[in-house]
Structures are given as structure tokens and as C-alpha cells.
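Just below is one structure, and these are the notes that go with it.
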Number of protein chains: 2
Amino acid sequence: MNKENNAPMQGNINGIDRQSYEPAYIQLVNILKQHVSSGIMRPGDRLPSESQLCRQYQVSPMTVRRAINILSDQGIVDTVQGRGTFVKPIKLIAATFHLNELQGIFDDRQTNVKILEVRIVSSDRRTAEKLGIAVRDRVIYIRRLLTRKKKPLLYHREYLIYDPLRPVVESELEVTSLKGLFEGEGGSDFKRGDLSIEATIINEEEAKILQTQIGSAAFCLEHIFYDFEDKPVSWGYFICPGDQLRFATTVGFRPEGVQD
Amino acid sequence: MNKENNAPMQGNINGIDRQSYEPAYIQLVNILKQHVSSGIMRPGDRLPSESQLCRQYQVSPMTVRRAINILSDQGIVDTVQGRGTFVKPIKLIAATFHLNELQGIFDDRQTNVKILEVRIVSSDRRTAEKLGIAVRDRVIYIRRLLTRKKKPLLYHREYLIYDPLRPVVESELEVTSLKGLFEGEGGSDFKRGDLSIEATIINEEEAKILQTQIGSAAFCLEHIFYDFEDKPVSWGYFICPGDQLRFATTVGFRPEGVQD
DNA sequence: TAGTGGTCTAGACCACTTA
DNA sequence: AAGTGGTCTAGACCACTAG
């Protein structure tokens with residue numbers, strides 16, 4: 001992120017600088033973005049054709065193509081075969097929210113994960129359903145609390161399939177495993193994870209642990225992880241007080257040039 | 001989405017079918033994905049080198065390159081210059097949530113937008129701050145209610161810069177403008193929009209309008225739109241009862257092949 | 001030094017849209 | 001028929017990593 005910023009946002013408006021460390025296709029992306037964000041090109045307008053861009057910027061068709069593909073991936077233009085490439089209007093509905101806003105939390109040295117409880121329990125109906133097992137089957141139950149600067153931030157409850165043959169417990173129990181879960185540095189031999197976010201209300205137990213008010217707003221981030229045979233291996237959810245977290249994003253063009 | 005499914009998930013494991021309508025690079029992407037999702041390739045493993053893949057599947061370097069770029073974009077592999085391409089472990093933190101889960105709402109014919117109120121008001125401190133204007137400056141205040149099957153779904157409050165020179169009112173007032181805001185079909189001559197999602201609690205006014213309980217959980221989706229001069233033109237927020245909405249996503253490999 | 005990924009060329013052929 | 005985007009080739013040169 002913090003590389004040399006001697007030549008930020010290349011692409012002289014006029015043309016492509018072949019001496020630059022920035023690849024030609026990136027420069028072209030930035031030039032075209034600049035045209036859109038500055039209003040030279042408005043939503044609905046057609047871009048110059050690919051062959052025109054080739055001539056105009058003295059690059060090969062593949063390079064133009066690559067630049068346009070990137071703009072298309074970023075939702076800035078629409079390409080229609082036989083008609084052309086068009087600037088897209090901004091759609092609120094195209095917005096995406098990234099969980100990696102939480103990244104900073106784990107990088108912070110003042111963040112701490114405490115295991116509140118680990119024990120083997122008999123699964124209730126909901127847990128059995130989520131994990132695809134029978135009610136009363138044994139599962140490992142873990143409660144964790146993530147704090148930053150001594151302040152409670154996330155309360156996590158998780159149920160793991162109990163498999164004596166593959167004692168996943170040890171690795172899961174590491175204090176860092178929550179970080180590993182998020183950042184995937186641990187083994188993470190999962191095939192996939194299904195996540196969902198809901199709005200919820202802090203209950204009595206959560207209020208006590210998170211040191212907040214009963215009835216205050218919170219996010220609930222639920223997760224189910226599956227192994228390579230598509231069988232669930234764990235189910236759990238994070239509770240995060242609403243005043244500690246906010247998901248933010250931008251549609252269209254960010255004020256700074258940094259968007260990749 | 002629902003095109004001919006005669007040959008779903010091409011790429012015979014063995015090689016690339018040149019007769020297929022599916023492009024070679026897509027077939028290669030699917031083959032490599034299959035290797036990862038089936039466990040043949042595990043997180044941390046190195047992919048065959050690009051020249052190896054060229055020989056193995058009888059395609060040109062650019063085609064291999066394109067396939068690998070796609071896998072890299074999708075967060076499935078990491079490429080390191082000089083070392084190789086590696087299968088990435090699953091990261092919870094890489095999850096993204098898409099607002100377009102709301103798409104279905106607007107496609108539904110039983111969805112209806114009602115304008116509850118429009119008037120010109122004097123901006124309070126918060127509104128003035130958000131819109132970058134002076135306190136007491138006049139703004140247009142709009143309240144809308146979006147219902148589906150007669151059931152309240154979203155409550156929207158919005159403040160627009162009042163500019164007599166450019167009467168944005170008429171177009172904004174159309175019943176469909178909420179849909180236009182989301183789907184960008186209207187003019188949408190905005191340069192960008194900043195969004196954020198918070199967890200919140202339904203207050204008395206909202207409870208009455210949304211026909212829910214005071215104190216129940218809800219999402220608050222706030223938005224500020226900027227024109228091409230980077231000046232705010234509108235600020236507002238949607239309130240959506242928590243039991244009406246849930247954001248879901250998958251990290252890793254979705255059960256069906258559909259992910260684009 | 002050998003192998004890897006990163007970029008780029010200068011074309012080619014195809015499918016599609018529009019007139 | 002002309003113009004557009006979509007795909008693909010068969011190389012080339014470079015920067016980086018490793019032994």
C-alpha cells in the first residue's frame with residue numbers, strides 16, 4: 001500500500017508513459033477512469049472502439065482489451081458484443097461490503113482473544129440441524145471473547161463436530177485460532193464457508209459478557225464451515241455491538257485513486 | 001442465468017473441448033477450480049507452471065494466463081513472481097456481502113413505493129454536516145415507505161440539496177425513483193455514493209410506520225451521493241427490520257457451479 | 001543460471017449488431 | 001457489409017526467486 005508515491009496516478013491524460021513502472025494496461029484503466037470520474041464521459045456514453053483506442057494510445061488490441069475487462073469487472077462499464085462499450089450508471093444495488101474492515105482488529109497488538117469455556121455437550125435441535133447430525137450427538141462447544149484495549153468487542157460461540165479420529169480440538173483451541181479463522185493462516189482445510197449477517201438485540205448473557213446494555217443493537221455474524229466432502233464441520237456466530245462496528249463502502253469513484 | 005444446460009460445468013477433467021461454446025480459458029478455470037474444490041489440490045499447494053499448463057492442455061500462454069488471472073481475482077490462488085502460483089486457504093475476512101440480494105424486491109410486482117411526505121425544511125446540524133452546507137439552509141425532505149404484499153419493508157428518509165436552478169425535485173419524486181436509485185436506471189448523474197450499514201433499534205416513529213415493535217433490531221443503510229464536483233447532493237437512510245433482511249455469502253466454493 | 005510469473009505484440013478468426 | 005467486441009495464437013522480453 002505504502003510504496004513509493006513519486007508518481008501517483010500515472011497516465012498523463014494524453015498518453016501512456018512507456019518508461020513508467022506502471023503497466024500500460026493499468027495506465028489505460030486510469031486514463032479511462034479519469035475520463036468518467038471527471039465527467040468527460042457520462043453514464044450511457046459509448047467508449048471509443050477498441051481499435052480506436054489502439055491507435056489513440058499506441059498499444060496492442062490485447063492491452064486495450066485487458067484494460068476494458070478490468071473496467072468491466074469493476075462495474076464501471078458494460079460491454080455489448082457488436083454494439084460497443086458503455087459507461088454504466090451508478091447502481092446502489094451493486095454495492096459490496098467487505099468483511100476485511102475487521103482486518104485492523106487482528107493486526108492490532110492490543111487485541112486479545114480469551115477462551116471463556118470449552119466443553120463437550122449434547123447437541124440441541126438447532127445445532128443438530130445446522131451441522132447435519134442427530135439431536136443429542138456430541139459436539140464441542142467453545143465460547144470466546146475478543147477484546148481490544150481491554151474492551152469487549154466480539155463474543156463468539158461455536159459448535160464443532162466431535163470426531164475422535166481427527167482431534168481438531170488442539171488446533172482450534174489455540175488462542176490465535178480466531179485470527180486464523182479470519183485470516184486463513186491456520187490449516188483451514190475447509191472447502192467452503194457459508195456466512196450471514198443479521199441485525200439483532202443483545203440479550204442478558206451477551207450484555208454481561210460484552211459489558212453493554214440489554215436490548216441494544218448488534219450484528220450477528222453466523223458461519224458454517226464445510227469440509228471437502230461438503231459435510232459441515234463447525235457452526236457458530238459472532239455477536240458484535242452495533243456501536244463498535246459499521247460496514248462502509250463506495251459505489252462509483254472513490255475520492256483517492258486507490259481502488260484495486 | 002437459465003441458458004441451455006446441456007453441458008453444464010464443461011471441462012472433462014482430461015482436457016479442453018475445442019468444439020464447446022464455452023471459451024477455452026473458462027474451461028481451464030473450471031478444471032483448476034475442480035481440482036481445488038475436490039481436494040486434489042489443497043491450500044498451499046503450487047499449481048503447475050504456466051508453461052506446463054500450456055503443454056498439458058494445449059493452449060497458448062495468454063489463455064493460461066487469463067485463466068490464472070481469473071482465479072487470482074476470485075481469491076482462489078495467489079501468484080508470486082518467480083515462485084509460482086499457489087492455492088489460497090479460505091479466509092473469512094475475504095468475504096464480501098452484496099447489496100443486490102435486494103434485487104428481487106424491486107423485480108417483484110407486489111412491491112410498492114409510497115411517498116409519505118415531501119417538504120422544504122431548514123437543515124439541522126447533522127444534515128448540514130452531511131451535506132456540507134450551513135445550518136438552516138433549506139433542504140428538500142422526503143419520506144418514503146416501500147411495501148411488499150402490503151407489508152412494510154423499508155422506511156426511507158432523504159435530504160436533498162435545494163437548488164432552484166436545477167429542480168431535481170420532479171425526477172426524484174417519481175414513484176419509481178427509489179427503484180431508480182437502487183438500479184441506476186434513472187439519470188443517476190452522480191459521481192459516487194458513500195454507503196454504510198449499521199445495526200440499530202427501531203424507535204417509536206419507525207415502529208409505527210413499519211408496523212413493528214419499538215426496540216426491535218433493524219439495519220440502517222445510510223447513503224450520501226456526490227455530483228461530479230464532489231459536492232454532496234443528497235443524504236438519507238433506509239431502516240429495515242432485522243427479520244426482513246439478512247445478508248448472506250459464501251467463501252470458498254459454492255455448492256452449485258454458478259459463480260461469476 | 002534456470003525456472004517462474006508479468007507484460008506486451010501484431011496479428012487472426014469468430015459472433016454479434018446495425019444499417 | 002461494415003463495425004464492434006470476444007477469443008486466441010505463438011511467440012517476445014522483463015523482473016523476480018531459487019539453487
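Letters go in sequence order (proteins before strands), and every chain restarts at 1. Only heavy atoms go into these numbers, but all of them, side chains included; no hydrogens, no water, no symmetry mates.
Both the sub-6.0 Å distance and the 45° axial angle are satisfied by Arg192(B) relative to the ring of Tyr226(B).
Here dC14(D) presents its P atom at 13 Å from CD of Gln81(B), a figure rounded to the nearest Å. Summarising the geometry, the separation between OH on Tyr21(B) and C1' on dC16(C) is reported as 13 Å, rounded to the nearest angstrom. If you take CE of Met62(A) and P of dC8(D), they are 10 Å apart, rounded to a whole angstrom. Atom CZ in Arg65(A) sits about 13 Å away from atom P in dT4(D), given to the nearest Å. Taking atom CG of residue Asp17(B) and atom P of nucleotide dT7(D), one finds them 16 Å apart after rounding to whole Å. Atom C1' of nucleotide dG6(D) and atom CD of Glu22(B) are separated by 14 Å, given to the nearest angstrom.
Pair assignment for dG19(D): none, as no Watson-Crick or G-U wobble contacts are both less than 3.5 Å.
Ser49(B) has a side-chain polar atom (N or O) that falls below the 4.0 Å cut-off from OP1 or OP2 of dT4(C). A close approach under 4.0 Å does occur between a side-chain nitrogen or oxygen of Arg83(A) and OP1 or OP2 of dT18(C). One finds a side-chain N or O of Thr79(B) lying less than 4.0 angstrom from the OP1 or OP2 phosphate oxygen of dG6(C). Distances shown here put every side-chain N or O of Ser51(B) at or beyond 4.0 Å from the OP1 or OP2 atom of dG3(C).
In this structure, Arg66(B) reaches the sugar-phosphate backbone alone: every heavy-atom distance under 4.0 Å involves primed, P, OP1 or OP2 atoms, never a base.
In this pair, Phe247(B) and Phe97(B) present their aromatic rings perpendicular. The plane angle is above 60°, beyond the 30 to 60° band.
For the pair Ile31(A) and His35(A), the minimum side-chain heavy-atom distance is below 4.5 Å.
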